[in-house]
Every structure is written in C-alpha cells, then in structure tokens.
Amino acid sequence: MSGRRIFTKPARLAAVAPYVWMLLFFLVPFGFVVKISLSQTAIAQPPYTPVFDLAAGWTALRAAFDALSIDNFKLILGDHLYVVSYLRSLTVAAVSTAILLGIGYPIAYAMARLPRRWQPLAMMLVIVPFWTSFLIRIYAWINILQHDGLLNQLLLALHIVSKPVVWLSTDTAMYVGIVYSYLPFMVLPLYATLAKLPHSLSEAAADLGASPGRAFWLVTFPLSLPGIGAGVLLCFIPIVGEFVIPDLLAGSRSPMIGQTLWLEFFTNRDWPVASALAVLLLGVLLLPLLIYERAQRRQLEGKS
Amino acid sequence: MTEHAGYSAPAEVAGEPLLRIEAVEKRFGGFVAVDRLSLDINAGEFFALLGPSGCGKTTLLRMLAGFETPDAGRILLNGVDIAAVLPHERPVNMMFQNYALFPHLSVAANIAFGLKRARLPRKEIKARVAEMLALVRLEGLGKRKPDQLSGGQQQRVALARALALRPKLLLLDEPMAALDKKLRESTQLELMALQKRLGMTFVIVTHDQQEAMTVADRIGVMRAGKLDQVAAPRRLYEAPESRWVAEFVGDVNMLEGSMAGREHGRITIATGGAGDVVATEPREAAGNETICVAIRPEKIRLSLRGPAADAGHADAINRLDGTITDIGYAGGMTSYKVRLDRGATLLAAVANTTRLDVDAYHAGQHVVAWFSPDDCVVLTR
C-alpha cells in the first residue's frame with residue numbers, strides 16, 4: 001500500500017472504530033488478566049495480591065509493581081498436569097479440525113456445485129441449527145448418546161449390537177459433539193471460496209487435458225486454500241479453548257485446558273493461576289494466527 | 001506432433017472436411033438450443049459462428065469442446081465421432097470468453113498446463129512455452145501472475161495457452177468481447193495472421209458481425225438453433241438468402257412488394273412505399289408471392305436531380321424522390337434518412353470523399369435517391 005489516502009470524516013471514524021473497540025473490550029481487559037496472572041493468590045477480596053491502589057500514592061504503587069512475579073507461569077510450565085492439559089486441548093482441536101475439514105470440504109464443494117437456485121436452501125440447512133440454543137443441542141446429544149438413548153435403541157433394533165454401547169463420557173462422544181457444533185464454521189468459509197471460483201476454470205483444465213481428479217487437485221484445491229485456512233482457524237482456535245462440550249460429553253479423565261481453567265478459577269478460586277493459563281493459551285493460539293496472516297500477506301503481495 | 005494424453009487423433013483424410021457436424025441436437029429441458037444442425041468445416045479454415053445471444057452458437061461450440069453432449073447427431077473430427085469423448089481426451093482446445101486463466105499460476109505455468117498433462121519432456125515444455133510467449137509477444141512476462149497483466153495481455157496468454165498443444169481445431173468463444181474497440185480491431189488482424197501462419201483451423205463464436213466479417217473465411221449465421229446461411233463474408237453481405245440474414249448482417253433497406261413484370265433479365269416489383277422497383281432477376285425464379293427488395297445503404301446514391309439521362313441503362317435505374325429527415329454524421333460516412341414521397345423511409349450512407357462539405361445535404365432538402373437494379377437483392381423468405 002502506498003500513498004496517503006484522503007478519507008472523509010465519517011470514513012475515518014469507521015476505520016478507527018474497530019481499533020477503539022479492540023482497545024476497550026479486548027486489550028484493556030487483557031491487561032487486567034496479565035496483571036492478575038503476575039499476582040499471588042490471597043484469601044481476600046479480590047482474591048489476589050498485590051492490588052494497585054492509585055489512592056495509596058506513588059511509593060505504594062511502586063511496591064505493588066515490585067510484588068508482581070512470573071511464579072504462576074513457572075508453576076504451570078513445571079507442572080506436567082497443566083502441560084498435559086494444553087497438549088490434550090491442542091490434540092483434540094487438531095483431530096477435530098482434521099475431521100471437520102474431511103467432512104466439511106465435500107459438503108461445501110457439493111453446495112457450490114448445486115444449481116444456483118438451490119444454493120440458498122443448502123446454506124439455510126447448514127445455518128438452521130444455530131436457531132436452537134447451543135446448550136440445548138449438546139444436551140440433545142446426551143439424550144442420543146446415553147445408555148438407553150436413541151443411538152443405542154437404533155443399533156439394538158437393527159441388531160447391529162447385542163447390548164448397549166457406552167457412548168457418553170467418551171472421546172468419541174466429545175468428537176461427535178465438537179464436529180457437530182463446529183461444522184457450519186468449516187462449511188461456510190469453504191463454500192464462500194468455492195462458490196466464487198468460476199466453473200470455467202475447471203473447464204479450462206479439462207480442455208487442456210486434465211482428468212476431473214487432476215483438475216481438482218491442480219486448480220480447484222489450490223484456489224480454495226484461503227477458504228481452508230479460514231475454516232481451519234475458525235474451528236481450531238475456539239476448539240482449543242472449548243469447555244462446555246468436553247465437560248458434558250467427554251469423560252473426566254484428562255481435562256482440556258478450558259476445563260482446567262474453569263477448575264482453577266471457580267473451584268480453586270485461584271485467579272492468578274487461571275489468568276496465567278489464559279495468557280499462555282493466547283500465546284499458543286497466536287502461533288497459527290500468525291502463520292495464516294503471513295500466508296495471506298504473501299498472497300496479497302504476489303497479487304499487487 | 002504431439003497429441004493429448006489418452007487420445008491419438010486420427011489421420012487427416014484427403015477430401016474430407018476436418019470437422020463434420022451431422023444433425024446435432026441439444027435441448028435444455030423443453031428449450032431446443034441447437035436444432036438438428038449440420039455443418040462441415042475444412043482444415044485450415046477460419047470459421048465464424050455468428051448470431052444474436054441465445055441462438056445456440058455457444059452451445060454448439062461447447063459441444064465441439066466436449067462440455068455439452070449432443071442429444072442427437074454426430075460430431076466427426078477427421079471422420080471419427082467425438083460426440084461422446086470427454087473434454088480432456090479431445091484434441092481440441094478452447095479459448096474461453098473470460099479467458100479462464102488459472103489465477104494461482106504464472107503466465108508460463110498457465111501455458112505449460114496442457115503440455116504437462118500431455119507428459120511432454122521438461123525441455124520440450126520449456127521450449128514450447130518460450131515459443132508461445134514469443135508468438136503472442138509476451139516475452140519476459142512468463143513469471144507474472146495473470147492479474148498482473150492488462151486485459152489485452154491476459155487475452156494473449158489465453159490464446160497462447162490454447163495454442164500450446166497445437167490443436168487440430170481451436171475454438172474461440174467471444175475472444176475479443178472484453179477488449180476495447182481499438183485493441184479489438186488490431187487483435188482481429190493479429191488473430192487472422194496467426195491463423196494463416198499456423199495453418200490451424202479456428203472456429204470463433206461471436207455476436208459481432210463486423211468482427212466475424214473481418215476475421216473469418218466463412219461465416220455461419222445462426223438463428224434459433226439453426227444455421228440460416230453459411231457463406232463467405234462478402235457473399236453473406238451482398239447476397240443474403242433471407243430477410244433475417246440481410247437485417248442481421250449490417251444495415252439494410254427493406255422494401256416489400258409483389259412481382260409486377262419481368263423482361264430482359266430484370267424484374268419489376270411493385271412496392272407500397274417506394275413504387276415500382278426494378279431489380280436484376282435472381283437465379284432462382286421468384287414466384288408471385290410477396291417478395292422483398294433489400295438495398296444496402298451505401299448502394300443508394302443521393303443527388304439533387306438524379307443521374308444524368310445518358311448514364312448507361314438510365315431508364316432502368318431506380319430513382320425515388322424524397323426529403324432528407326435525419327442526418328447522422330460519422331466522420332468517414334454520413335447516413336441520411338430519406339422520407340420518400342411514396343411513404344417509405346430509406347437509409348443512405350454516403351462516403352465523405354472530400355474535406356469540404358460540397359456534397360452534404362441538409363434536413364428538409366428534396367433529393368433523388370437512386371440505385372441500380374444490380375444493387376437490389378430479391379428475397380423471397
């Protein structure tokens with residue numbers, strides 16, 4: 001980008017608004033979280049020390065600053081329970097995202113290939129679950145997956161199994177829940193990308209001697225990478241921090257980081273450790289975002 | 001000569017057309033896009049399919065490329081029916097209307113795309129890409145991405161990519177529709193030169209009759225899924241076989257009437273709006289039904305008193321009195337609308353052969369519009 005652009009006043013305001021929003025509702029609160037993560041637990045109100053009190057004067061503020069430490073981070077990184085929790089979250093997110101991509105891509109591809117007049121209907125069908133509360137839908141899955149639930153009744157009725165299978169409180173149940181809940185976030189960006197691709201590109205590939213499979217891998221797939229990137233990020237990042245689905249559907253054997261954080265915050269009332277967990281989580285999630293950002297920038301630079 | 005992967009083109013058969021379209025039909029639901037159409041295209045020919053939008057010309061082209069399968073009929077390439085051969089197995093290439101360049105690939109990779117699918121050796125691919133870039137005068141731009149090129153450059157990449165496999169038959173779908181007028185005209189000439197030099201067979205689809213006339217050896221005028229007339233540009237313009245073709249290709253004055261007399265190879269047609277018009281008798285004898293006389297605007301001459309009496313066969317020359325109503329000045333030409341005393345309106349195009357306006361007429365002026373019987377086309381359909 002080069003050169004100064006002259007914006008009208010409302011345009012300038014509109015350009016600044018998201019930054020103001022981010023500053024007020026993300027950066028400032030995040031500053032509080034970082035500060036708490038550097039504090040120590042205390043049986044007090046609020047439940048940590050030191051507390052910054054502007055009324056106490058400069059010296060007291062200096063002392064409070066000096067009392068901050070990175071002990072909580074050391075504790076987290078030293079305790080393999082936390083590390084395992086992080087790794088578990090990343091694994092679950094990676095596996096779920098892979099499954100989502102595997103299921104979502106064919107769905108999005110088929111949608112994009114539908115006759116134009118059917119596409120809005122297909123999109124509606126993808127979005128329609130959002131009309132029901134997320135929690136209710138997860139509870140519905142509990143009903144389906146429980147011991148005498150719909151799934152087992154069906155399997156028994158079809159004589160596929162002879163006695164009920166344990167579904168609930170397993171990783172399978174959790175993956176079912178996650179994939180079910182996040183599928184629209186994978187399908188929609190992929191569909192948006194694929195629907196934009198002119199059909200003539202596939203035809204040109206075929207015309208130049210590429211079989212349908214080759215045409216897909218050489219033309220459609222590379223051109224859908226931005227959509228894949230967006231879909232993967234939209235799923236991967238929230239799944240890493242997912243709390244409700246593993247809590248309701250998975251066993252309690254190995255908690256994901258979201259569950260650990262909840263435990264520290266509400267059960268242990270250890271705000272500083274919970275905050276440190278959150279700060280570290282953000283650090284972990286920033287990595288894929290930065291990779292995506294770089295890839296996008298490279299693509300943009302290649303174009304201009 | 002290299003062929004497409006998985007397909008070996010049959011040898012050329014002497015005396016046979018390169019492409020024979022036999023009673024091909026294509027329907028979309030109840031709509032007949034191409035209606036039992038037959039056409040032969042010879043090797044080395046530049047053929048244009050001309051017609052208004054929706055006439056089925058693009059559907060026909062897409063059937064030649066393999067993107068649509070005919071519901072009936074055969075498409076013979078060198079005598080072999082290719083109607084059911086998949087597009088990637090046909091020795092035919094197409095240049096798409098919007099170019100359909102692969103945006104993620106460089107110009108060179110776009111051109112090499114078909115060569116790689118044909119599994120040519122690397123060295124040969126490289127040489128062929130360089131040759132194609134030189135052919136369309138894009139040397140040095142091989143590493144660019146398509147969206148870093150101008151519209152005209154993109155058009156040439158699309159052409160190079162379609163030519164890279166040296167197809168027997170190149171299909172061009174409105175190849176110049178996206179170019180501005182000046183560029184389009186120079187590109188038309190380039191395309192013709194290229195086609196002659198390479199000796200390939202080109203089939204172009206266009207709705208622009210001027211473009212078709214400029215580039216093509218022969219033109220097939222399509223209407224409602226059928227070919228109305230197939231002829232060389234000059235014949236199409238000067239000897240259209242139907243009212244519709246006469247009106248679609250260029251401007252024309254159409255006078256409707258009935259046969260009133262026949263002598264010395266000339267016929268007299270009594271028209272409502274212009275009185276008796278004398279025309280050279282067409283080869284096919286015209287019946288007594290309603291007939292039309294078509295006269296191109298530039299064949300009509302204007303003067304204040306009509307041709308001198310001693311001009312050859314002056315008695316046979318059609319002279320029609322009228323008044324100028326509208327004037328359209330277009331630089332090289334001026335078109336005058338002449339309202340005849342008998343009621344019809346004629347369009348006359350007069351070349352502005354001198355810089356000074358000594359030959360210009362003004363609105364309201366009384367003139368004689370005259371034309372010879374040879375310049376009349378007698379149409380019975």
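The figures here come from the full heavy-atom set of this structure, side chains too, leaving out hydrogens, waters and symmetry mates. Note on naming: letters A, B, ... go to the chains in the order of the sequence lines (proteins, then strands), and numbering restarts at 1 for each one.
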>> Any side-chain to backbone donor/acceptor pair from A/S200 onto A/E203? Under 3.5 Å, distance only.
In response: no
> Charged N to carboxylate O under 4.0 angstrom, B/K126 versus B/E131?
Replying inline: no
> Side chain, backbone, both or neither: which part of A/A215 has an atom under 4.5 Å from a heavy atom of chain B?
Replying inline: neither
> Of the backbone (N, CA, C, O) and the side chain (C-beta and beyond), which part of B/R62 lies under 4.5 Å from a heavy atom of chain A, both, or neither?
Replying inline: side chain
> Do B/K57 and B/D173 meet the salt-bridge criterion of a basic N to acidic O distance under 4.0 Å?
Replying inline: no
> With a 4.5 angstrom heavy-atom cut-off, which part of A/L218 approaches chain B: side chain, backbone, both or neither?
Replying inline: both
>> Between B/R90 and B/L64 (side chain of the first, backbone of the second, donor and acceptor by atom type, cut-off under 3.5 Å), is there such a pair?
In response: yes
>> Heavy-atom cut-off 4.5 Å, strictly under: side chain, backbone, both or neither for B/L101 against chain A?
In response: backbone
